Number of protein chains: 2
Amino acid sequence: MQILTGEARQYYIKKYPIDDFFSFDIYPYLEVCQFDKGEWIFQEGSYPDTMYYMIEGKTKLYMTHKNGKVSLIEYLEAPRFMGEIELLNEARYTKGIQTVTTTICLSIATQACKEKLLADALFLRRLCVFLGEKATTMTSKYTQNQAYPLENRLAAFIQLSSDQGIYKEKHTEICEYLGVSYRHLLYVLAQFCEEKILEKQKHGYHIIDERRLNQLAQEIQ
Amino acid sequence: MQILTGEARQYYIKKYPIDDFFSFDIYPYLEVCQFDKGEWIFQEGSYPDTMYYMIEGKTKLYMTHKNGKVSLIEYLEAPRFMGEIELLNEARYTKGIQTVTTTICLSIATQACKEKLLADALFLRRLCVFLGEKATTMTSKYTQNQAYPLENRLAAFIQLSSDQGIYKEKHTEICEYLGVSYRHLLYVLAQFCEEKILEKQKHGYHIIDERRLNQLAQEIQ
DNA sequence: TTTAAAATATGAGATATCTCACATTATTGT
DNA sequence: ACAATAATGTGAGATATCTCATATTTTAAA
């Protein structure tokens with residue numbers, strides 16, 4: 001991680017103004033941070049003392065289970081907060097966050113302005129909306145996973161992540177995201193090819209039956 | 001649902017004071033409501049305009065999937081908010097909430113004091129903590145479900161819900177809560193009996209190998 | 001008290017998903 | 001350019017979980 005200063009700092013601060021999130025002047029408490037691709041922003045199990053507002057990039061939220069399984073819980077995309085729960089609950093154990101691309105964040109020195117933040121209705125209201133959405137999202141992911149087999153969830157994910165009719169995510173990552181084994185993911189992809197929904201190409205899978213894919217995805221909602 | 005007045009109202013308002021949640025006088029906006037056992041507080045799919053603070057009782061949060069499966073997402077226990085997300089997001093479709101026992105709630109007329117609530121840092125801070133916990137809980141439920149078979153999750157649930165060494169929840173409900181079929185729940189319970197962890201009695205299952213049960217439950221965390 | 005509805009129980013056969021072992025490509029660091 | 005590492009791909013056999021059918025018992029409503 002490197003802290004940007006001078007022109008670079010000014011560039012990002014101007015490009016992504018966030019003063020309307022707060023009813024006090026937040027700039028004295030800000031730093032602009034740049035994380036390299038693949039870098040860890042939060043180490044799993046640590047107790048962070050910084051809150052970030054991600055303005056450019058994409059990251060992954062991870063957790064490791066006692067049995068060694070790893071869950072890729074969510075992809076986090078700019079703009080959004082990270083480490084906000086730790087602001088509310090002292091010393092809360094955090095999950096791991098790793099960048100997918102080079103990522104630019106505004107870091108907010110919470111030790112210095114925690115009091116101000118927790119007394120600021122404007123900020124708190126926005127945080128409530130954000131946390132409410134997070135809770136709702138996790139709830140629906142939770143219930144969908146219970147109610148539908150991979151066939152449907154994968155169809156929905158392919159729709160979401162494909163670009164110009166091509167799906168080319170890394171299997172090793174997606175099986176962690178969808179919570180199934182690598183083997184099983186490949187089985188279902190093979191089955192989609194079998195059923196002529198996808199066609200395997202050199203680099204990625206080509207969607208050839210959009211309608212049927214949509215049908216499978218729609219069953220979820 | 002009936003609205004309590006007179007003495008009954010006074011009794012509950014005195015017994016569960018919540019003025020320290022707000023920095024303005026909330027009492028003019030409160031009603032004390034009593035719901036019978038089995039009554040629905042929110043109908044699934046409706047757009048509620050009331051927020052509740054449950055002070056006595058226990059309820060269940062439900063949702064129905066397109067494929068007809070029903071998920072019992074969570075048991076909600078007093079004291080806590082219900083319908084708070086709808087305060088933040090206009091016209092949000094709600095999940096269903098049904099009481100398990102007779103339930104007493106303070107209802108807050110949000111149409112009347114929404115502005116005040118959304119400008120009140122004291123209330124918003126508490127709401128943030130609540131929503132943050134909710135998000136964290138759902139996240140860990142989600143990942144646990146992905147990472148562990150029923151054997152472990154059921155062991156943990158039996159520990160949680162048993163009383164004096166006896167487990168006697170309704171199977172029909174618990175299979176929805178744990179997200180498995182009724183049949184499979186019975187299989188795993190039978191397996192626990194087979195392994196002498198539980199013993200089936202007339203009314204409920206008796207825990208006879210606390211240590212082994214704990215071991216299975218602990219694998220989750 | 002009788003009857004209908006809900007909850008409990010169990011068998012049998014199907015499917016979804018996992019584990020493990022191993023072979024074959026890509027990718028990446030030096 | 002080479003070696004090490006990561007990602008891909010496949011088979012075989014196990015396990016977790018589901019669906020459906022059907023019987024019995026318990027609970028609640030008329």
Side-chain angles (χ1 to χ4, degrees), chain A residues 36-39 60 65 67-72 98 100 143-157 166-195 198-205 216 219-220, chain B residues 36-39 60 65 67-72 98 100 143-157 166-195 198-205 216 219-220:
Chain A
D36 291 335
K37 175 175 173 171
E39 198 174 339
K60 294 179 286 187
H65 297 269
N67 65 1
K69 276 195 189 172
V70 173
S71 292
L72 198 190
Q98 185 185 31
V100 177
T143 54
Q144 278 175 201
N145 256 281
Q146 284 196 165
Y148 296 92
L150 182 62
E151 186 179 40
N152 302 107
R153 292 180 288 131
L154 179 59
F157 181 73
I166 309 284
Y167 169 80
K168 51 174 167 186
E169 299 296 315
K170 258 198 287 189
H171 303 329
T172 40
E173 209 166 282
I174 302 315
C175 66
E176 284 178 352
Y177 179 60
L178 294 172
V180 297
S181 67
Y182 181 89
R183 189 69 190 85
H184 189 54
L185 175 59
L186 281 244
Y187 268 134
V188 177
L189 280 170
Q191 173 196 319
F192 282 1
C193 292
E194 184 80 17
E195 292 167 12
L198 300 180
E199 187 174 60
K200 188 170 172 181
Q201 294 182 337
K202 191 72 194 294
H203 293 293
Y205 293 76
L216 286 170
E219 277 176 45
I220 291 185
Chain B
D36 292 335
K37 175 175 174 172
E39 199 174 340
K60 295 179 286 186
H65 297 270
N67 65 2
K69 275 194 190 173
V70 172
S71 292
L72 198 190
Q98 185 185 30
V100 177
T143 55
Q144 278 175 201
N145 256 283
Q146 284 195 167
Y148 296 92
L150 182 62
E151 185 179 43
N152 301 108
R153 292 179 288 131
L154 179 59
F157 181 72
I166 307 284
Y167 169 79
K168 52 175 167 185
E169 299 295 317
K170 258 198 285 190
H171 301 331
T172 41
E173 209 166 283
I174 302 314
C175 66
E176 283 178 354
Y177 179 60
L178 295 172
V180 296
S181 67
Y182 180 89
R183 189 68 190 84
H184 189 54
L185 174 61
L186 281 245
Y187 268 134
V188 177
L189 281 170
Q191 173 195 319
F192 281 2
C193 292
E194 183 80 18
E195 291 168 10
L198 299 181
E199 188 174 58
K200 189 170 171 180
Q201 295 182 335
K202 191 74 193 293
H203 292 293
Y205 292 76
L216 287 170
E219 277 176 47
I220 291 185

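Bear in mind the structure is a predicted one, so any value in this text is a computation, not a measurement. Chain A is the first sequence line, chain B the second, and so forth, proteins listed ahead of strands; every chain is numbered from 1.
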Out of [options], which nucleotide sits closest to the side chain of [X]?
{"X": "B:Arg183", "options": "C:dT10, C:dT17, D:dT26", "result": "C:dT10"}
{"X": "B:Lys200", "options": "D:dT17, D:dC18, C:dA9", "result": "C:dA9"}
{"X": "B:Ser181", "options": "D:dT19, C:dT17, C:dA9", "result": "D:dT19"}
{"X": "A:Val180", "options": "D:dA7, C:dC18, D:dT19", "result": "C:dC18"}
{"X": "B:Lys170", "options": "C:dT10, C:dC18, C:dA7", "result": "C:dA7"}

What is the distance, to the nearest angstrom, from the [atom1] atom on [X] to the [atom2] atom on [N]?
{"X": "B:Arg153", "N": "D:dT17", "atom1": "CZ", "atom2": "C1'", "value": "10 Å"}
{"X": "B:His171", "N": "D:dT26", "atom1": "NE2", "atom2": "C1'", "value": "13 Å"}
{"X": "A:Leu178", "N": "C:dC18", "atom1": "CG", "atom2": "C1'", "value": "16 Å"}
{"X": "A:Leu186", "N": "C:dA23", "atom1": "CG", "atom2": "C1'", "value": "14 Å"}
{"X": "A:Lys69", "N": "D:dA16", "atom1": "NZ", "atom2": "P", "value": "11 Å"}
{"X": "B:His184", "N": "D:dT15", "atom1": "NE2", "atom2": "C1'", "value": "9 Å"}
{"X": "B:Tyr187", "N": "C:dG13", "atom1": "OH", "atom2": "C1'", "value": "9 Å"}
{"X": "A:Tyr182", "N": "C:dC22", "atom1": "OH", "atom2": "P", "value": "18 Å"}

C:dT8 phosphate, OP1 or OP2, under 4.0 Å from B:Thr172 side-chain N/O: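 Looking at the OP1 and OP2 atoms of C:dT8, one of them is under 4.0 Å from a side-chain N or O of B:Thr172.
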Given DNA chain C, 5'-ward residue of the pair A:Leu185 and A:His203, judged by closest heavy atom: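 Between the two, 5'-proximity favours A:Leu185.
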Residue whose nearest DNA chain D nucleotide is more 5′ - B:Lys37 or B:Glu151: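 Result: B:Glu151.
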Mutual orientation of the aromatic rings belonging to B:Tyr205 and B:Tyr167 [parallel < 30°, tilted 30-60°, perpendicular > 60°]: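 Aromatic pair B:Tyr205/B:Tyr167 classed tilted.
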Pair A:Tyr177 and A:Phe157, ring centroids less than 6.0 Å apart: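 For A:Tyr177 and A:Phe157, the ring centres are under 6.0 Å apart.
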Test log, rule side-chain contact (heavy atoms from CB on, under 4.5 Å), inputs B:Arg153 and B:Leu150: CA-CA 5 Å; B:Arg153 292 179 288 131; B:Leu150 182 62; 4.1 Å; yes
Intermediate values then yes/no, side-chain contact (heavy atoms from CB on, under 4.5 Å), B:Phe192 and B:Glu151: CA-CA 9 Å; B:Phe192 281 2; B:Glu151 185 179 43; 3.8 Å; yes
Side chain to side chain, A:Leu216 and A:Leu154, heavy atoms closer than 4.5 Å: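 No; the side chains remain at least 4.5 Å from each other.
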